[in-house]
Every structure is written in structure tokens, then in C-alpha cells.
2 protein chains.
Amino acid sequence: MNVSSRIRVREDPVVRRAQIIEEGIRLIGLHGYNGFTVQALATRCGISNAGLLYYFGSKDALLLAFLAELERQDRELLEPLVARAIGRGDAPSSRTVVIALLRTVASRFTESPALGRFAVMLQCESIDPSHPAHDWFLSRETMAFDMFVSLVTGLTPDPQSTARQLVALMNGLAQQWLRADRPFDLEIEWEKAVTAILPALFEDESDSNRI
Amino acid sequence: MNVSSRIRVREDPVVRRAQIIEEGIRLIGLHGYNGFTVQALATRCGISNAGLLYYFGSKDALLLAFLAELERQDRELLEPLVARAIGRGDAPSSRTVVIALLRTVASRFTESPALGRFAVMLQCESIDPSHPAHDWFLSRETMAFDMFVSLVTGLTPDPQSTARQLVALMNGLAQQWLRADRPFDLEIEWEKAVTAILPALFEDESDSNRI
DNA sequence: GGTGTTACTGAATGGTTGGTAGATAATCAT
DNA sequence: ATGATTATCTACCAACCATTCAGTAACACC
């Protein structure tokens with residue numbers, strides 16, 4: 001099955017790159033890295049196999065580009081909030097900022113499900129130490145964990161465990177939501193879960209740093 | 001790379017089947033169904049490609065056998081507890097039985113990590129509707145969810161959400177534990193998490209069915 | 001020790017994979 | 001128009017994939 005049945009279109013390289021990355025993230029989110037083929041991505045972009053590899057020389061290079069895009073979007077969305085929430089690292093974070101940050105963590109999924117699915121899928125697939133994204137996700141998870149720890153410090157007696165629980169909950173809920181037999185509202189369920197795990201966050205009393 | 005360099009060994013079919021299933025679960029737990037090859041499994045079992053398929057005629061048939069084994073072990077471990085915990089469905093479950101059941105859910109992982117890894121891996125990979133295990137895991141998750149709902153009813157004001165949170169937590173914690181950069185004690189963390197999500201379960205007051 | 005059953009092998013199947021080389025056509029600068 | 005650049009194509013490759021089939025050797029029983 002070749003592409004020549006259609007007229008050859010020559011796309012602006014910037015646009016094509018963006019298209020490849022977007023569709024690639026969609027495909028890997030669906031089938032994982034192992035279940036994903038260069039051919040399938042090329043077809044979906046309306047170009048040939050070789051045409052695709054003209055931009056990204058190999059399957060691994062494609063994966064790296066997708067991961068970079070994930071990191072870029074993450075940073076773009078979270079960085080300002082994290083900066084405000086963690087601040088100098090000493091001062092306790094303002095509760096409203098923590099709440100905003102936690103909300104954002106969930107809305108990332110509802111606002112771009114394809115990227116969320118991509119992250120969930122690869123994070124699981126890359127448990128395998130020989131997976132090309134293993135190290136990447138290892139460091140990503142470590143960073144996320146540390147971020148959560150400093151976020152909940154002062155709001156819970158055991159920040160390590162609470163942080164771990166929050167990370168676990170977000171992943172687990174997202175996975176349920178993606179399978180979505182009888183779909184549910186992810187943001188509402190996430191808020192309920194955070195309330196259960198971190199009740200101090202929503203208490204009205206002004207003696208905030210107790211517990 | 002063929003097998004003939006060694007003397008041909010003829011194994012008891014029952015033993016060989018068990019070996020194939022065990023090693024297969026190990027391999028899929030590592031690389032997922034898509035990243036797993038019939039050749040690799042055969043090699044690891046010390047037989048040829050064709051020798052493997054003499055037992056299970058196709059890659060899909062292998063997967064079904066592995067899933068059946070997962071279900072078998074699950075049932076063997078959980079069924080007596082579930083029966084005691086749910087009972088007739090009307091009577092509220094005794095708290096000690098619920099606690100025991102929740103503990104078992106976690107110790108499954110620590111006691112046979114390979115099977116746990118297999119379940120986690122496939123559950124994620126099978127989010128894809130075209131994955132051969134998609135339907136299987138859909139019904140499995142539904143059943144687990146319903147089980148948890150009837151388990152926590154009477155112990156929490158919102159059984160649906162609490163059940164969802166417990167399922168999410170178990171999956172999320174297990175995934176963190178499997179990646180295990182700085183490993184942690186899964187059973188302890190699970191107990192902490194359950195305590196946070198379901199505090200009524202561990203309260204000493206005897207007016208158990210409140211909240 | 002011969003015979004039957006069956007666990008297993010080697011070799012070959014056709015299809016798919018990621019990747020390469022050289023040709024070609026669309027666009028741009030002049 | 002013309003020529004240079006480059007995005008994309010066709011054609012091809014070797015490796016790998018799951019699966020098939022005709023044999024072969026290990027064992028059980030007599």
C-alpha cells in the first residue's frame with residue numbers, strides 16, 4: 001500500500017514535525033512503544049515510511065522527540081505553579097497554591113487525554129529496565145515524588161507516605177478513567193481523593209501548620 | 001540459534017506446561033504482550049519455537065493460558081476470604097475479615113512479584129480496545145470494583161468513590177513498587193494508605209456501622 | 001527388543017519490521 | 001525561466017515475526 005495514489009503534498013517542515021509528534025503520541029498512547037510501528041505513524045500522517053524517517057532518523061529518535069514534547073508541555077503548565085508553591089523551599093507553601101497545583105495535575109488529563117494516555121502507557125511499559133524510556137521515567141517519577149513531598153510537608157505527619165499515596169492515586173485514577181467503561185469525572189474523583197488523603201489542606205482553621 | 005547443541009530432553013507434559021506458563025508470565029510481566037516473542041519464551045524454556053507451539057498453538061492461546069493462570073491463583077487466594085467478607089450481600093461484613101482481605105490484596109504482590117508484574121503490565125497495555133486482553137481486564141476491573149464497593153459499604157459515606165480510590169491506590173502503589181528505585185515496603189505503605197482512605201475500618205469504637 | 005505414542009526438532013512459510021539509497025518533484029531564490 | 005534546495009517517493013534490504021509440517025527420537029508397554 002503506497003502513498004502515490006494521492007498527489008504528493010509538500011508540507012512546511014515545522015507543521016509536519018508537529019503533526020508527526022502529535023499523531024505519534026496518540027499512537028503510542030494507544031498501543032505502547034512496542035505495539036507501535038513506524039509504518040503506522042507514517043500512514044496516519046499521510047506520508048511514506050521513508051518520508052517519516054527523513055525527519056526523525058529512527059524509532060528511538062521518535063520516542064525521544066515524544067518524551068521531549070511531554071516534558072515541554074508539563075513544564076509549560078506546571079512550572080509557574082511549582083515555582084510559587086515550593087518557592088524557596090523553606091517557607092511553607094500557601095494552601096491555595098497547593099490546591100491549584102493539585103487541580104492542575106488532574107486537569108492535565110482531561111484537557112489533553114492523548115498526552116495523558118501517552119504518559120500513563122509509557123510509564124507502565126517502561127518498568128522494564130531494558131525499555132528505551134526506562135531511565136527517563138525513573139528520573140521523572142523521582143522528581144514528581146520529591147515535588148509532592150515538599151508540597152505536603154507541614155500538612156501531614158508523614159510527607160513521604162502521603163506523597164507516595166498522591167502519586168499512586170493520580171496514576172491509578174487516570175488509568176481507570178482511560179479504560180472508562182462507565183466513565184466518571186476524573187477531576188471530581190481526584191478532589192475527593194485528595195480530601196481523603198490530605199484533609200488538612202481543606203480545613204478552614206487558620207492554624208495551618210498543625211497536625 | 002537452535003537447540004540441538006544440547007541433548008534432547010523429553011519433559012513430562014504437565015511439568016512443561018507449568019514451566020511455559022511460569023516463564024511466560026515472567027516475560028510478559030517484563031516486556032508486555034507486544035514486546036514478548038514466542039521465540040524468546042521457547043528459548044527460555046530450553047525448547048524450540050515449534051516445540052512450544054506444540055502445547056499452545058498460537059501466541060494468543062498462550063496469553064489466554066496466562067490469564068487463566070492469573071485468575072486461578074487469584075481465586076484460590078481470595079475466594080474464601082471474599083465469601084466470608086461479602087457473605088449473603090445483605091449482612092455488613094465483619095471488620096476483621098475486611099482487614100484480612102485488604103491485607104491479602106497487597107501481599108499477593110510481595111509473595112509472587114512476577115504474577116503481580118504480569119497483572120499490572122497487562123492491565124495497562126490492555127487499555128487499548130484492540131488489545132487481545134482488553135475485554136478480559138475490563139470485566140476483571142468491574143468485578144474488582146464491585147467487590148470493593150460491597151466491601152466498604154457501611155464504612156464510608158461514599159462507597160463508590162472509596163472503592164475507586166482503593167483500587168487506584170493499589171495499582172498505583174504496586175507500579176511504584178515494581179519500578180522500585182529506592183524500594184519500600186509495599187504492605188506497610190498499603191496499610192497506611194487504607195488507614196487514610198478508610199479510617200473507620202480501624203476505629204476501636206464498637207458502633208461500627210456509623211458514618 | 002520390537003512397536004506405538006508423542007514430545008520435540010529443523011526447515012521453510014509468508015508477512016512485517018526498522019532502516020537505507022537513489023530518484024523525483026515541489027518550492028524558493030535569483 | 002533556471003537552478004539549487006529539500007521534502008517526499010519508490011524500491012529494496014536483512015532481520016525478525018508467528019505459524020506450519022514432515023520428520024525424529026525418547027519413552028511406555030508388551
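Just so it is clear: chains get the letters A, B, ... in the order the sequence lines come, proteins before strands, and each one is counted from 1.
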Subject >> Residue mapping more 5' on DNA chain D - nearest nucleotide basis, B/Thr37 or B/Gly57 >> reply: B/Thr37

Original post:
Between A/Ser58 and C/dG18, is there a side-chain N or O to OP1/OP2 distance below 4.0 Å?
Top reply: no

**OP:** State plainly whether the residues A/Glu22 and A/Arg26 are in salt-bridge range, i.e. N to O under 4.0 Å.
**Re:** no

Original post:
Across the strands shown, which category fits B/Leu53 at heavy-atom distances under 4.0 angstrom: base, sugar-phosphate, nothing?
Top reply: base

Original post:
Mapping B/Arg10 and B/Gly51 onto DNA chain C by nearest heavy atom, which one lands closer to the 5' end?
Top reply: B/Arg10

Original post:
Roughly how many Å is it from CG in B/Leu41 to P in D/dT19, rounded to a whole number?
Top reply: 13 Å

Original post:
What's the CD1-P distance between A/Ile7 and D/dC9, to the nearest Å?
Top reply: 13 Å

Subject >> Phosphate OP1/OP2 of D/dT8 contacted by A/Arg16 side-chain N/O (<4.0 Å) >> reply: yes

Original post:
If you measure from CD on A/Gln175 to CZ on A/Phe109, what distance do you get to the nearest 0.5 Å?
Top reply: 10.0 Å

Subject >> Polar pair under 3.5 Å, donor/acceptor by atom type, side chain A/Arg8, base D/dT8 >> reply: yes

**OP:** Scan B/Phe36 against the nucleic acid and name what it touches under 4.0 Å (heavy atoms): base, sugar-phosphate only, or nothing.
**Re:** sugar-phosphate

Original post:
To the nearest angstrom, how far is B/Asn34 atom CG from C/dT17 atom P?
Top reply: 12 Å

Original post:
Between D/dT20 atom P and B/Lys59 atom NZ, what is the distance in whole Å?
Top reply: 15 Å

Original post:
Can you tell me how far the CH2 atom of A/Trp177 sits from the CH2 atom of A/Trp190, to the nearest 0.5 Å?
Top reply: 14.5 Å

**OP:** Salt-bridge test for A/Arg103 and A/Glu187: reply yes if a basic N is under 4.0 Å from a carboxylate O, no otherwise.
**Re:** no

Subject >> Nucleotide D/dT8, atom P - distance to CZ of A/Arg17 in whole Å >> reply: 11 Å

**OP:** Nearest whole angstrom, please: distance from the C1' of C/dG19 to the CG of A/Asn49.
**Re:** 8 Å

Subject >> Short side-chain N/O contact from A/Tyr55 to OP1 or OP2 of D/dT8, under 4.0 Å >> reply: yes

Subject >> Interatomic distance where CD belongs to B/Gln39 and C1' belongs to D/dC17 [whole Å] >> reply: 8 Å

Original post:
Starting at the 5' end of DNA chain C, which residue's closest nucleotide do you reach first, A/Ala50 or B/Val9?
Top reply: B/Val9

Subject >> Atom-to-atom span, CG of A/Asp60 to C1' of C/dG19 - whole angstrom >> reply: 12 Å

Subject >> Gap between atom CG of A/Leu166 and atom CG of A/Asn171 - 0.5 Å precision >> reply: 11.5 Å

Original post:
Which part of the nucleic acid, if any, lies within reach of A/Ser48 when heavy atoms closer than 4.0 Å are counted: base, sugar-phosphate only, or nothing?
Top reply: base

